[in-house]
Amino acid sequence: MSGHTQDALFPVGYVITTGQSGAQKLQLNLLINSAAEKATGAAHITQATHPPLDVHSDVWGQYTYLTVMPPSEGRILLTAQGNHGGPHANSIVNFKLHLVLERDWQRGVANYSYYDEHQKHWVSLENVPAELNRELQSRYHPQQGSGPAIPSGSHVVPLYGVPIHQALASGDLSQMKSLAALAQQQLDSHPQLRTELAALKAEIQKLEGR
């Protein structure tokens, strides 16, 4: 660990697109494990084409702080890949990402590629603007309004009950799975998560049984 944050988990999401008409749109929802400097979550790429582009990936990766010469404040480099089912699934990789973020995690620039199953080839995009998904952040932490639940100096917002409750309310299965996997890591140090995690796993089983 680089010493930039305390050991904790925090959710963060980005909308990655040029904003131009007909452009691809990547929605990236992650849980950051600052103790291991790792990330896990989900990516969803859409585009209004025929047939419509609709690529889902379970994502995992890591990040590091990039040191640069003053007066620049440096950057954060997050690299990730994705497939259907996560790193332990018997599934081919269909998504790759290099995301360079500003030091405050608010915005950045992404290079990413995905496998288009309809066209049967890889598509790569470079220098795509990434902006913090403030709607997602306010849903996780409504008491903070649209502000991000991300590190500020040496402080991070840990993964307690609020993100789990919000995931349950959303009905988003991939989001629930990501939260369940990472919440398990905090049970020993934060026993209050046990009840919330049990409810989350029960909802996952119910949705998968449909």
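- Thr17 contributes a side-chain N or O that, together with a main-chain N or O of Gln24, makes up a donor-acceptor pair within less than 3.5 Å.
- The minimum heavy-atom distance linking Gly85 with Asp58 is given by the pair N-OD2, 2.6 Å.
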Quiz item: Could you go step by step and tell me if Gln27 and Asn133 meet the side chain to side chain contact (heavy atoms under 4.5 Å, CB included) rule?
Solution: CA-CA 8 Å; Gln27 291 186 278; Asn133 187 342; 4.1 Å; yes
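- Panel note: side chain Ser57, backbone Val59; no donor-acceptor pair is recorded below 3.5 Å.
- Side-chain contact check for Gln62 versus Thr79: some heavy-atom pair is nearer than 4.5 Å.
- In this structure, Pro129 and Tyr14 have side chains that are not in contact, with every pair of non-hydrogen atoms separated by 4.5 Å or more.
- Taking the side chain as every heavy atom from C-beta outward, Leu53 and Thr46 never approach each other to under 4.5 Å.
- Proximity of a side-chain donor or acceptor of Gln47 to a complementary backbone N or O of Gly22 within less than 3.5 Å is detected.
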Quiz item: Checking side chain to side chain donor-acceptor pair (under 3.5 Å) for the pair His44/Asn29: CA distance, chi angles, key distance, verdict?
Solution: CA-CA 9 Å; His44 184 201; Asn29 297 332; over 6 Å; no
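- Scanning both residues, Val100 and Arg75, for their nearest heavy atoms gives CG1-CB, 3.8 Å.
- For the pair Leu30 and Leu78, the minimum side-chain heavy-atom distance is below 4.5 Å.
- Summarising the geometry of Gly86 relative to Trp60, their closest heavy-atom pair is C-CZ3, 3.6 Å, with the distance given to 0.1 Å.
- No donor-acceptor pair closer than 3.5 Å links the side chain of Asn94 to the backbone N or O of Tyr114.
- Nearest heavy-atom pair, Leu99 versus Ala130, reported as atom, atom and distance to 0.1 Å: CD1-CB, 3.7 Å.
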Quiz prompt | Steps toward side chain to side chain contact (heavy atoms under 4.5 Å, CB included) verdict (Lys38, Tyr63) | solution = CA-CA 6 Å; Lys38 293 184 178 181; Tyr63 71 94; over 6 Å; no
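- In this structure, Asn83 contributes its side chain and Val93 its backbone to no donor-acceptor pair below 3.5 Å.
- No donor-acceptor distance shorter than 3.5 angstrom exists from the side chain of Tyr115 to the backbone of Ile92, with no hydrogens or angles considered.
- Between Phe95 and Tyr112, the ring planes are tilted. Angles from 30° to 60° get that label.
- Shortest non-hydrogen contact noted between Glu102 and Ile76 is O-CD1, 3.7 Å.
- At a threshold of 4.5 Å between side-chain heavy atoms, the hydrophobic network of Ile, Leu, Val, Met, Phe, Trp and Tyr places Ile45 and Val15 in two separate groups.
- Both Tyr65 and Ile32 are members of a single hydrophobic cluster when ILVMFWY side chains are connected at heavy-atom separations under 4.5 Å.
- Within a 6.0 Å sphere centred on NE2 of His88, other residues, nucleotides and ligands contribute 12 heavy atoms or fewer.
- Closest heavy-atom contact between Val128 and Ile16: CG1-CG2, 3.6 Å.
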